[in-house]
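To keep things clear, I will list the structure first and then write my remarks on it.
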Amino acid sequence: MYGAATGVAAVLTLVQTRVLWGGLTPADFGMWALVDPILTPLAALVLFGIDHAMVKMLHMDRMPLPVVAGLLLVSTLPATTLCLAAIGLIAEAIFHSAWTNALLLAVAGEALILMTLTGLRASSASGPFGAVLVSRNLLYLVVLLILREQGPISVNMAFLTRGACVFAVSLAALAILRPQPRFDRAVYLDAVRYGFPLLLTTFIYALMDMTDRWFVAGFSGVVAVGTYTLHLKTAAIMAQAIVVPFGLWFPTERFKRLNDIDQGRLFFRRSAAALSVICAYVSGIVWLGRDILLPLIAPGVVASPLVLGCCLGSVTCLALSHAVNVGMLMPGHTGKNVTCTAMAAAAAVAAAAILTPPFGPDGAAISRLLAGLVLVGVTALSSHRVFRITFPFVGMLMYFAASTITAVAIDGASNTPGLLSATVELVVWTAVTGFLGGFLWNSVRAPTCNEAVS
């Protein structure tokens, strides 16, 4: 259900992007591409990470969902209100934003729906979760289409519409949570202590995720950011189809598997191997079909194989950073996530500063991939120090290398663009990656007796 819901939501997001591509001027689309990705991180920021604590409160503290929802929604109001006021002041005083009110409405709406979706996911209510997720994207798309028919769309209207739609769906979804409103300072502070390090991790990752766009804007202009973002949106097909569902499912499943005889070690290894195969397969489909997919989002734009390949690689790294992170999600260790993400962010800034000036968007895309590799490496190392588990990294690296060579070879052998050629490429790609994936899966072994138990 999670996969189906996020898949539908991803398609709707791509359609929204196409509508905005046609409704905004190139400069406004570039501005939208710079601001839109930070709305969700800002929403998480004003919550101080308490949404992350909802999973722990339900599964470790054994608190009912209505109680958790009521406590956190009410207790966070003072801090959230102050944060929204601060964001408004910064937008007005420093950036002289002409659409501050629309920005605040969008952030507040995203914060409310973030709490709602997290509560539904934590309680394994996959059906209502999917309904809320799809509804927010569908409503936003419908309103955008109506506005587009009436004339050009402004950046202010784009954000105002998003905030209003998200708020409307969130308020309707609260009926599912049935929150029992009550202020409890102690419970709120405990939720902040657990979730705030994870919030910092998310926020730093969001800054890292924006680094390449800022450098492209600085050295190639805002219009170039718009085209570059279209490649990111195309790569987001894999993020929405794989990374998001995995990120929704894994934290809850992780707590359950820790009760296995081997504390879930075989399960975690198999999860990483299976995720590697799935990510490589879907990445190949998107990359090989780039000349079909990208024009569907933005007619007239020619896909860059290098930029799209690096974007897909960075999404794969993000997925694997979730799979190899077992130890740092334990209470008392969540702060280590901040350090790992900060190291990856530093690598992103350094690589973008070196590569973007001479190579433009190509250099920015390479810096994005390098930052993703750093994120996976430091996350795996830090998690291993807390919870000893040996992942099949050698097999995974060999699989990714063989898959990359295969995709490039298939792409180079095809000289006749069209649906028939794309179908043949897909069949060959499926057969080869399935064969290679079988080797990787068979390389996964059960934990040895000497493997330490955390």
Side-chain angles (χ1 to χ4, degrees), residues 205 208-209 212 231-232 234-247 250 268-290 303-326 340 344 347-348 351 355 362 365-381 383-384 389-413 425-445:
Y205 180 82
M208 180 183 77
D209 190 56
D212 52 345
H231 289 78
L232 294 174
T234 305
I237 294 173
M238 190 178 79
Q240 293 291 334
I242 300 172
V243 182
V244 174
F246 184 82
F250 187 68
F268 296 133
R269 290 172 178 172
R270 285 178 172 172
S271 295
L275 189 63
S276 298
V277 174
I278 295 171
C279 284
Y281 177 65
V282 177
S283 292
I285 292 176
V286 174
W287 190 76
L288 291 170
R290 61 188 180 275
S304 166
L306 176 61
V307 172
L308 183 58
C310 290
C311 292
L312 289 167
S314 70
V315 174
T316 299
C317 290
L318 174 61
L320 293 178
S321 71
H322 290 308
V324 301
N325 185 4
V326 180
C340 293
L355 297 175
D362 288 349
I366 295 172
S367 73
R368 169 176 284 266
L369 177 58
L370 292 175
L373 293 172
V374 171
L375 178 64
V376 174
V378 296
T379 298
L381 180 61
S383 176
H384 184 75
I389 176 172
T390 305
F391 288 97
F393 287 119
V394 174
M396 290 161 61
L397 286 173
M398 293 176 63
Y399 172 76
F400 284 125
S403 297
T404 301
I405 294 172
T406 301
V408 173
I410 293 174
D411 186 62
E425 290 180 357
L426 177 60
V427 172
V428 175
W429 173 248
T430 301
V432 175
T433 52
F435 178 75
L436 295 172
F439 276 103
L440 176 59
W441 180 263
N442 290 330
S443 70
V444 178
R445 296 287 183 264

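Here the structure is a predicted model, which is why all the values come from computation and not from measurement.
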Hey, can you pull the donor-acceptor pairs under 3.5 Å for the side chains in residues 271-279, sequence neighbours left out?
unit_1	atom_1	unit_2	atom_2	d
Ser271	OG	Phe267	O	2.8
Ser276	OG	Ala272	O	2.8

Could you pull out all donor-acceptor pairs under 3.5 Å where a side-chain atom in residues 430-438 meets a protein atom, sequence neighbours excluded?
unit_1	atom_1	unit_2	atom_2	d
Thr430	OG1	Tyr281	OH	2.9
Thr430	OG1	Leu426	O	2.7
Thr433	OG1	Trp429	O	2.6
Thr433	OG1	Thr430	O	3.3

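When all heavy atoms of Trp287 and Asp411 are compared, the closest pair comes out as CZ3-CB, 3.5 Å. The minimum heavy-atom distance between Ala380 and Phe393, with the atom names listed, is CB-CZ, 3.7 Å. Of all non-hydrogen atoms in Gly372 and Cys317, the two that sit nearest each other are O-CB, 3.4 Å. Of all heavy-atom pairs spanning Met238 and Val315, the tightest one is CE-CG1, 3.2 Å. When every heavy atom of Leu355 is checked against every heavy atom of Ser367, the shortest pair comes out as CD1-N, 4.1 Å. Across Leu308 and Val286, no two heavy atoms sit closer than the pair CD2-O, 4.1 Å.
Listed by first and then second residue, the side-chain hydrogen bond (donor to acceptor under 3.5 Å, both in side chains) pairs involving residues 303-315 amount to none (not counting sequence neighbours). Pairs of residues two or more places apart, or lying in two chains, never qualify as salt bridge (Lys or Arg N to Asp or Glu O under 4.0 Å) while including a residue from residues 273-284.
With rounding to the nearest 0.5 angstrom, the CG atom of Leu312 is 11.0 Å from the CD1 atom of Ile285. The distance from the CE atom of Met396 to the CZ atom of Phe391 is 8.0 Å, given to the nearest 0.5 Å. Rounded to the nearest 0.5 Å, atoms OG (Ser283) and CG (Leu288) are 10.5 Å apart. Interatomic distance, Thr316 OG1 to Leu369 CG, rounded to the nearest 0.5 Å: 9.0 Å.
Taking the side chain as every heavy atom from C-beta outward, Met208 and Val374 never approach each other to under 4.5 Å. For the pair Leu318/Asp209, no side-chain contact is recorded, criterion being any heavy-atom separation below 4.5 Å from C-beta on. Proximity of Arg290 to Thr234: side-chain heavy atoms (C-beta onward) are nowhere separated by under 4.5 Å. Taking 4.5 Å as the limit, every side-chain heavy atom of Arg368 sits out of range of all side-chain heavy atoms of Cys310. Annotation: side chain of Phe250 is not in contact with side chain of Asn325 (no heavy-atom distance under 4.5 Å).
For Tyr205, there are no ring-ring contact (aromatic ring centres under 6.0 Å, His included) partners, not counting sequence neighbours. For Ala280, the side chain to side chain contact (heavy atoms under 4.5 Å, CB included) partners two or more places apart in sequence, or in a different chain, are Tyr399, Phe400, Ser403.
Remark: the backbone N or O of Thr390 is paired with a side-chain donor or acceptor of Arg269 at under 3.5 angstrom. A side-chain donor-acceptor contact under 3.5 Å links Thr379 to the backbone of Leu375.
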